[in-house]
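One structure is given below, encoded as structure tokens.
Each ligand, and each atom within it, is numbered from 1 in the order the structure gives.
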Amino acid sequence: MSLTAQIRGKAGELGFNLFGVTPADPLAGAEFYARWVALGFAGEMDYLKRNLGKRADPRQLVPDARAVICLGMDYTPPPTAPPSGDDPARIASYALGDDYHELIKSRLRQLWGWICNQTGGERSGRYYVDTAPVLERELAQRAGLGWWGKNTCLINRDRGSYFFLAEIILDLELEFDQPATDHCGTCTRCLEACPTDAFPKPYVLDASRCISYLTIELKGPIPNPLRPLMQDWVFGCDICQQVCPWNGGAPTTSEPALQPRDSLRDPHLLELMALDPAAFRDRFRNNPVKRPKRAGFLRNVAVALGNRKKVDATPVLTTALDDDEPLIRAHAAWALGQIGGEAGRTALNKALTTEQEEVVRAEIESALLELEANASEDRTGIAS
Ligand code: SF4
């Protein structure tokens, strides 16, 4: 059996569902990527704007690299029961279990150790999961793992797109795989389904409009015009993958660490909005949702409650107007403005008497204006 086949077998034993090898040559997509960054499509993700040279060439990371092993691990969760209650919160499926970084890094470490042992000890190489300044989707496409879909996810004919990517750049001469070819055809489902219109054209994502970016990467306030479009997503978004026909038969993950946690199977907006710092830490320990921290996460929950427009959220949002985090207070104010009602108006007017932060005051004032406008619309409706 060739060394490449042995490594493939070992990767499978370690839980990797996809495996391919490509030469460690410079990447053709580097120019496209630089243009994408220049157009502002990376939003505030400054780490994506650095190291453009390294991203274009794996040998900038491992100078004597000859091959890149590309790996994929499924994360499709098993089907769950429909949400209970009328305040469901939606979380991207990759975030329902443990944080994948540690899991995959430990498998990569084992695979790398095994490769070194099999090939006589010390080797030159590095392995990454989401952490390298390298264009991993292009490498994976070249290694045959899947094609770059119109939704910009990597799509595999047998496994869909719900998988994590990882790679090992190394100095070994291995057998290379054929690049994957595009099978999107005339389909445009993902482009039409995106609620925030985050695809300026097929194969291009304006991340600054993407719900995943807005709920995870963006640190500050969510731009006002995008809030009503975000539905009930509070961490990430799966819409462009859910509608993709290639995900219809995607196998579910058998990895225990990636199974949905009981506490995340059926999350509810009202209880999430009430999480204090200790409860947030407990609930999301070793889980991706901790990334935007409590302030960013409750900002997202407040937006979802504002979109839900039900007055049973007024008490919990009123409490949030006193939160220590200005980001939470600001978005709670916005949500109260969307929901309307006398109790919300009273809470906003009261908050205005004590609020010191300019940004939050501006949100409260604009929420009160929104309430006023809606009330006068209602009056007009009644009068006519
Ligand atoms: Fe391609 Fe259709 Fe899937 Fe979009 S939904 S990625 S167009 S196959």
Q.
For residues 293-303, which residue pairs pass the side-chain hydrogen bond (donor to acceptor under 3.5 Å, both in side chains) check, not counting sequence neighbours?
A. Arg294-Asp323
Q. In terms of residue, atom name and distance, what is the protein heavy atom nearest to atom 6 (S) of ligand 1?
A. Ile155 CD1, 3.3 Å
Q) Rounded to the nearest 0.5 Å, how far apart are NZ of Lys105 and OH of Tyr127? A) 8.5 Å
Q. Aromatic rings Tyr100 and Tyr94: how do their planes relate, parallel, tilted or perpendicular, breaks at 30° and 60°?
A. perpendicular
(Q) Between Arg227 and Glu363 (salt bridge meaning N to carboxylate O under 4.0 Å), is one present in this structure? (A) yes
Q) Do we see a donor-acceptor contact under 3.5 Å between the side chains of Asp74 and Thr76? A) no
**Q.** Point-to-point distance, once rounded to the nearest 0.5 Å, from OG of Ser366 to CZ of Arg361
**A.** 13.0 Å
Q. In the shown structure, where waters are left out, how many protein N, O or S atoms lie under 2.8 Å from atom 2 (Fe) of ligand 1?
A. 1
